[in-house]
Amino acid sequence: HLCCSDETLGCRRGKTLQKVVAEETPKTLHVAFRAAEARDYAAFVQLWPELTADDPVPLPEQFAVHIAPGTIIAEEKQSGALLGYVSTAIWGSLLKIDYLVVTPAARGKSVSVALVEQALWRAHRGGGVSDVQLTVMPHNARAIYLYEKLGLARDYPVLMMRVDASVIERLPRSPALTVAHGSAVDAARVDASLALPEGTVAAGIAYGFSVVSLARPEGIVGTAVFDPLYDRLSHFAVTTPSVVRTQLEAVMAERLEVGAAGPLDFMVEGFAEVQDALLAAGATVTLRLDAMTGRLDVAIKRARDLLGEIAG
């Protein structure tokens, strides 16, 4: 998800990037970009408070495996001082911008725009990505203005919700559901049935995440993609509120198998009936966001045009 103050934003996961060293934005910025590595965890944590969200800091192993491969770091070219970073995830045909943050000293100097352009271009070079998405706080007019300049438009409201075992127990139970795990999940069928970007579930499997799907005789009705050691789902989608309890129970069972417990956070994207059912059961809303979506090729062109205007 995206949590921003001025030029910051946030959501998660990545795809291995070709390492790029000392690529510059317009010369007056003196900025170099490089792909993050596991050793950059301290730099990642250093700017985490700038995201201004009620999020636990990812653990070092989570950063190394799931975040660093999709992160680009901006540094001052001569001194090597940290200026910011952008973390992305490629889910099939969709690029998600998970975290974008710059240091207070770098704000207003186009570093955030340049970071986004770097991330967009790398997704384009990898092939197969057609769209870009991020989430933003509804009151963050400055960030929304920037993303609209890049061709993104508000799509639907998103609630980050938190549940524990007591909340799940208060949800209605749906009979006659078949639960599939891991390799037993028909990834392409799940994507198509739940209107997910093509390749979403397959990407989750490739990243080494756990995947759970729910089915009734008439078809797929839910899925979750997640790291069982982490307290947040990467993807959560259902067709009806009546299957939410079974979906969450399946996730919690996998987490218990690896010794993980405690509350679980996940995004409910644009489905008011599911949001209402969870709220009625006692779920907590930790963040209210808006999803913004656009075409990748349009965003690249507009980012470069904007950087050109700034340099000029």
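We number each residue from 1, following the sequence as shown. Values below: all heavy atoms of this structure, side chains included; hydrogens, waters and symmetry mates excluded. Keep in mind the model is a prediction, meaning the values are calculated, not measured.
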J.: Apply side-chain contact (heavy atoms from CB on, under 4.5 Å) to D297 and H124, showing your working.
T.: CA-CA 8 Å; D297 54 353; H124 170 76; 5.9 Å; no

J.: Quick check: does any side chain N or O of S110 sit under 3.5 Å from a backbone N or O of V113, one acting as donor and the other as acceptor?
T.: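 It does not hold such a pair.
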
J.: If I compare all heavy atoms of A291 with all of Q133, which pair ends up nearest, and what's the gap?
T.: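 It is CB-NE2, 4.4 Å.
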
J.: CG of D227 to NE2 of H66: how many Å apart, nearest 0.5 Å?
T.: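 Taking CG in D227 and NE2 in H66, the distance rounds to 4.0 Å.
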
J.: Report yes or no: does Q62 contribute a side-chain atom to a donor-acceptor pair with the main-chain N or O of L59 at less than 3.5 Å?
T.: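 Judged by distance alone, yes, a pair lies under 3.5 Å.
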
J.: Side chains of V298 and K301: does their closest heavy-atom pair fall under 4.5 Å?
T.: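 No; the side chains remain at least 4.5 Å from each other.
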
J.: Are L95 and I90 close enough that some pair of their side-chain heavy atoms sits under 4.5 Å apart?
T.: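 Answer yes - side chains close enough.
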
J.: Using side-chain contact (heavy atoms from CB on, under 4.5 Å), reason through L115 and V31 one step at a time and then give a plain yes or no.
T.: CA-CA 10 Å; L115 277 165; V31 180; over 6 Å; no

J.: Grab the two heavy atoms, one from V212 and one from A250, that are nearest each other, plus how far apart they are.
T.: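 That closest heavy-atom pairing would be CG1-CB, 3.7 Å.
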
J.: How far apart are the closest heavy atoms of I220 and A215, and which atoms are they?
T.: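 Smallest interatomic distance, heavy atoms only, reads CD1-CB, 4.0 Å.
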
J.: Is a side-chain donor or acceptor of R122 paired with a backbone partner of Q118 at a separation under 3.5 angstrom?
T.: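 Between the backbone of Q118 and the side chain of R122 there is a qualifying donor-acceptor contact (under 3.5 Å).
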
J.: Taking the six-membered ring for Trp, are W48 and F44 parallel (under 30°), tilted (30 to 60°) or perpendicular (over 60°)?
T.: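 If you compare the ring of W48 with that of F44, the planes turn out tilted.
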
J.: Judged by atom type as modelled, is there a donor-acceptor pair below 3.5 Å linking the side chain of Q275 to the main-chain atoms of V268?
T.: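 Yes, the answer is positive, given that a donor and an acceptor are paired below the 3.5 Å cut-off.
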
J.: Taking C-beta and beyond as the side chain, do P241 and V274 meet within less than 4.5 Å on heavy atoms?
T.: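 Yes; the side chains approach each other to less than 4.5 Å.
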
J.: Would you say the side chain of R34 lies within less than 4.5 Å of the side chain of E75, judging by non-hydrogen atoms?
T.: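 They are in side-chain contact.
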
J.: Would the distance check show the side chain of R107 and the main-chain N or O of S112 forming a donor-acceptor pair, the cut-off being under 3.5 Å?
T.: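 Between the backbone of S112 and the side chain of R107 there is no qualifying donor-acceptor contact (under 3.5 Å).
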
J.: Check whether V258 and Y230 end up in the same hydrophobic cluster, where Ile, Leu, Val, Met, Phe, Trp and Tyr are linked by side-chain heavy atoms less than 4.5 Å apart.
T.: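 They do not share one cluster, since no chain of ILVMFWY contacts under 4.5 Å joins V258 to Y230.
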
J.: Closest heavy-atom contact between D290 and P157?
T.: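 It is OD1-CA, 3.8 Å.
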
J.: Counting only heavy atoms not in E198 (residues, nucleotides, ligands), do more than 12 fall under 6.0 Å from its CD?
T.: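 Atom CD in E198 is not crowded, with 12 or fewer foreign heavy atoms closer than 6.0 Å.
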
J.: What are the two closest heavy atoms between A261 and L256, and how far apart are they?
T.: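 Where A261 meets L256 most closely, the heavy atoms are CB-CD2, 4.5 Å.
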
J.: Please answer: with hydrophobic residues joined when any side-chain heavy atoms are less than 4.5 Å apart, are F266 and L94 in the same cluster?
T.: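 F266 does not cluster with L94.
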
J.: Consider only side-chain heavy atoms of I, L, V, M, F, W and Y, link residues closer than 4.5 Å, and tell whether F209 and L229 are in one cluster.
T.: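 As far as the 4.5 Å side-chain criterion goes, L229 and F209 are not connected within one cluster.
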
J.: Applying a strict under-4.5 Å side-chain criterion to I, L, V, M, F, W and Y, I'd like to know whether V57 and L82 cluster together.
T.: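 Looking at the clustering, L82 is in the same group as V57.
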
J.: Hey, what's the ring geometry for Y207 with W91, parallel, tilted or perpendicular (30° and 60° as the breaks)?
T.: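 The rings of Y207 and W91 stand perpendicular, inter-plane angle above 60°.
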
J.: Is any side-chain heavy atom of L159 closer than 4.5 Å to a side-chain heavy atom of M267?
T.: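 In short, these two side chains do not touch, never coming nearer than 4.5 Å.
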
J.: Treating D164 as the side-chain partner and V167 as the backbone partner, does any N or O pair qualify as donor plus acceptor under 3.5 Å?
T.: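 Pair found, side chain donor or acceptor close to backbone of V167.
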
J.: Under 3.5 Å, side chain of D191 to main-chain N/O of G199, donor-acceptor pair present?
T.: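 Looks like yes, one N/O pair under 3.5 Å.
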
J.: Nearest 0.5 angstrom please: L279 CG to M161 CE, how far?
T.: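 Nearest 0.5 Å value for the CG-CE distance: 3.5 Å.
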
J.: State whether the number of non-hydrogen atoms from other residues, nucleotides or ligands found under 6.0 Å of E218 atom CD is greater than 12.
T.: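 Check passes, neighbour count above 12.
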
J.: Could you give the distance from NE2 (H139) to CZ (R288), rounded to the nearest 0.5 Å?
T.: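 Rounded to the nearest 0.5 Å, the NE2-CZ separation comes to 13.0 Å.
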
J.: Working to the nearest 0.5 angstrom, can you tell me the gap between L264 CG and L233 CG?
T.: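 Here the interatomic distance stands at 4.5 Å.
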
J.: Dump the intermediate steps for side-chain contact (heavy atoms from CB on, under 4.5 Å) on F236 and V244, then the final yes or no.
T.: CA-CA 10 Å; F236 173 85; V244 172; 4.1 Å; yes

J.: Taking R162 as the fixed residue, which of D231, T284, D265 is the one that meets the side chain to side chain donor-acceptor pair (under 3.5 Å) rule?
T.: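 So, applying the side chain to side chain donor-acceptor pair (under 3.5 Å) to R162 and each of D231, T284, D265, only D265 qualifies.
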
J.: Between M137 and L287, does a side-chain contact (heavy atoms from CB on, under 4.5 Å) hold up when you go through it step by step?
T.: CA-CA 8 Å; M137 293 179 180; L287 205 57; 3.9 Å; yes

J.: With side-chain contact (heavy atoms from CB on, under 4.5 Å) as the test, pick out the partner of L171 among V243, V163, T246, L278.
T.: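 Answer after filtering V243, V163, T246, L278: L278.
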
J.: Step through the shown structure and confirm whether more than 12 heavy atoms of other residues, nucleotides or ligands are within 6.0 Å of CD on E61.
T.: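 It does: E61 CD has more than 12 such atoms within range.
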
J.: Just one of T200, T223, L194 clears the side-chain contact (heavy atoms from CB on, under 4.5 Å) bar with H235, so which one?
T.: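 When side-chain contact (heavy atoms from CB on, under 4.5 Å) is applied between H235 and each of T200, T223, L194, only T200 qualifies.
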
J.: Would you indicate whether the side-chain heavy atoms of R304 and E117 approach each other to under 4.5 Å?
T.: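 Yes - at least one pair of side-chain heavy atoms lies under 4.5 Å apart.
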
J.: Can you hop from V65 to I205 via hydrophobic side chains spaced under 4.5 Å?
T.: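 In one cluster with V65: I205, no.
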
J.: Quick check against the 3.5 Å criterion: does D40 have a side-chain atom that pairs as donor or acceptor with the backbone of E37?
T.: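 Pair found, side chain donor or acceptor close to backbone of E37.
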
J.: Kindly give the heavy-atom pair with the smallest separation between A38 and A64, and that separation in Å.
T.: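 Smallest interatomic distance, heavy atoms only, reads CB-CB, 3.7 Å.
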
J.: Return the CE to CD distance between M160 and E269, rounded to the nearest 0.5 Å.
T.: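 If we round to the nearest 0.5 Å, M160:CE and E269:CD are 9.0 Å apart.
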
J.: Taking atom CZ as the centre, does R170 end up with more than 12 heavy-atom neighbours from other residues, nucleotides or ligands that are less than 6.0 angstrom away?
T.: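 For R170, atom CZ is crowded (more than 12 foreign heavy atoms under 6.0 Å).
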
J.: For R189 and S213, test the side chains for any donor-to-acceptor distance below 3.5 angstrom and give the result as yes or no.
T.: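 Short answer, no.
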
J.: Measure the spacing between CG of L248 and CZ of R255 and express it to the nearest 0.5 Å.
T.: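 Reported value, rounded in 0.5 Å steps: 11.0 Å.
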
J.: Can you check whether Y99's main-chain N or O pairs, donor with acceptor, with Y85's side chain at less than 3.5 Å?
T.: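 Here the side-chain-to-backbone pair does not exist.
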
